[in-house]
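Comments concern the structure below.
Letters A, B, ... mirror the listed sequences (proteins, then strands); counts begin at 1. What you see is a predicted model; the values in this text were computed from it and never measured.
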There are 2 protein chains.
Amino acid sequence: MKPLTIGRLASETGTTVETVRYYERAGLIPAPARTGGNYRSYRAQDLERLRFIRRTRDLGFTLDEVRALLEMAGDRDRDCGTVDALASRHLEEIDRKIADLTVLRRELAGVIASCAGGTVAECRILEAFAPSVGQVRS
Amino acid sequence: MKPLTIGRLASETGTTVETVRYYERAGLIPAPARTGGNYRSYRAQDLERLRFIRRTRDLGFTLDEVRALLEMAGDRDRDCGTVDALASRHLEEIDRKIADLTVLRRELAGVIASCAGGTVAECRILEAFAPSVGQVRS
DNA sequence: CCTTGACCCTGTAGCAGCTACAGGGTCCAT
DNA sequence: ATGGACCCTGTAGCTGCTACAGGGTCAAGG
């Protein structure tokens, strides 16, 4: 089993070298062994761990949450309710974001629909942005 | 018409003093006149301008986009098509975000639904996060 | 007149989560 | 031996604020 360079590790997990080093600094992956030439040398479990991180990051978990999930994953006998709770909280967060964006989308679409062309002076869009009447000056 | 202090300007527009100063540094609002005691002194049009900024920020435009909108708003004879275009591009962006979050939401909800409790060792959630089989180690 | 407290000033550093250098060293194939 | 692809550390930048520290100003109350 040949050890992985940081470049291979990165490309196998769809990240970049810089990001891997950043994760190391951020304490998400342990500092790996070094070769004679001071190159980082990774093993299969590092690949696993990084994939786990990528997957959870892609699902929108923050680095703090990822750290927590990693810790939970390491403790095989723990009740998985905490994992469920963290994931569920995150799901609610996503729902909130979707709801917020949906409101915003409707509002913006309304503003845009009111535009009938013409010059800026007659523009309904800018009018909708300026809460009271009159030009936005200087 | 009494001039506004930065504190009043901020509270009237639902921002903070720090944010107003930040907008000045960022070139969104012009540097105002100063009083004898070196206090910033704002006028009615600054209030307008700041409200415009807040409104567009609340609609999710970036500071760069807000800067562009402000510039457009200042040129009364310009065709408002550019405004429409910018707003429409932003709407598409929001739609993309909603779509992305919706995909992600479905995926995460699926992962969570698979959890039947038990210990971490049996946890389907963590299993779903770990792309291949086996513990996420050290 | 003096003090107190609310406000204001500048400048700098911090947050998340990377990304992008600069200025070097290493490794491998030709 | 040389070239190019890779690796190293360290630092600064991005967005859009927010949070100090360490001062100055102003108006009201005693």
So does [X] get a side-chain nitrogen or oxygen closer than 4.0 Å to the phosphate oxygens (OP1/OP2) of [N]?
{"X": "R40(B)", "N": "dC9(C)", "answer": "yes"}
{"X": "T5(B)", "N": "dC7(C)", "answer": "no"}
{"X": "Y23(B)", "N": "dG16(D)", "answer": "no"}

Looking only at side-chain atoms of [X], point me to the closest of [options].
{"X": "R34(A)", "options": "dC8(D), dC9(C), dC17(D)", "answer": "dC8(D)"}
{"X": "E18(B)", "options": "dC7(D), dC20(D), dC9(C)", "answer": "dC20(D)"}
{"X": "L63(A)", "options": "dC8(C), dT9(D), dG17(C)", "answer": "dG17(C)"}
{"X": "T16(A)", "options": "dG16(D), dC7(D), dT19(C)", "answer": "dT19(C)"}
{"X": "T19(A)", "options": "dC20(D), dG16(D), dC18(C)", "answer": "dC18(C)"}

Do Y42(A) and T5(A) touch side chain to side chain, with heavy atoms closer than 4.5 Å?
-> no
In this structure, how many angstroms lie between the [atom2] atom of [N] and the [atom1] atom of [X], rounded?
{"X": "Y22(A)", "N": "dA12(D)", "atom1": "OH", "atom2": "C1'", "result": "15 Å"}
{"X": "R21(A)", "N": "dA20(C)", "atom1": "CZ", "atom2": "C1'", "result": "11 Å"}
{"X": "D64(A)", "N": "dG17(C)", "atom1": "CG", "atom2": "C1'", "result": "12 Å"}
{"X": "R8(B)", "N": "dA6(C)", "atom1": "CZ", "atom2": "P", "result": "18 Å"}
{"X": "L28(B)", "N": "dC17(D)", "atom1": "CG", "atom2": "C1'", "result": "12 Å"}
{"X": "R25(A)", "N": "dT19(C)", "atom1": "CZ", "atom2": "C1'", "result": "10 Å"}
{"X": "R54(A)", "N": "dC18(C)", "atom1": "CZ", "atom2": "P", "result": "6 Å"}
{"X": "L4(A)", "N": "dC6(D)", "atom1": "CG", "atom2": "C1'", "result": "15 Å"}

Distance-only donor-acceptor hits, side chain of residues 112-124 of chain B, under 3.5 Å, sequence neighbours excluded:
| residue | atom | partner | partner atom | Å |
| --- | --- | --- | --- | --- |
| S114(B) | OG | V111(B) | O | 2.6 |
| T119(B) | OG1 | A121(B) | N | 3.3 |
| E122(B) | OE1 | T119(B) | N | 3.1 |

Considering only NZ, NE, NH1 and NH2 on the basic side and carboxylate oxygens on the acidic side, decide whether [X] and [Y] come within less than 4.0 Å.
{"X": "R55(A)", "Y": "E107(B)", "result": "yes"}
{"X": "D46(B)", "Y": "R49(B)", "result": "no"}
{"X": "E24(A)", "Y": "R40(A)", "result": "yes"}
{"X": "R96(B)", "Y": "E93(B)", "result": "yes"}

Strictly under 3.5 Å: I want the nitrogen or oxygen pairs between protein and nucleotides 26-30 of chain C, one per line.
| residue | atom | partner | partner atom | Å |
| --- | --- | --- | --- | --- |
| dT26(C) | O4' | Y39(A) | OH | 3.4 |
| dT26(C) | O2 | Y39(A) | OH | 3.3 |
| dC27(C) | OP1 | G37(A) | N | 3.3 |

Approximate separation, where rounding is to 0.5 Å, of D58(A) CG and D100(B) CG | 11.0 Å
Hey, what do you get for CG (L108(B)) to CD1 (I94(A)), rounding to the nearest 0.5 Å?
-> 5.0 Å
In degrees rounded to 10°, what angle is found between the helical axes fit to the five outermost pairs at each end of the helix from dC1(C)-dG30(D) to dT30(C)-dA1(D)?
-> 30°
Hey, mind stepping through Y23(A) and L50(A) against side-chain contact (heavy atoms from CB on, under 4.5 Å) and telling me if it holds?
-> CA-CA 9 Å; Y23(A) 286 163; L50(A) 190 49; 3.6 Å; yes
Test item: R105(A) side-chain N/O and I98(B) main-chain N/O as donor-acceptor pair under 3.5 Å = no
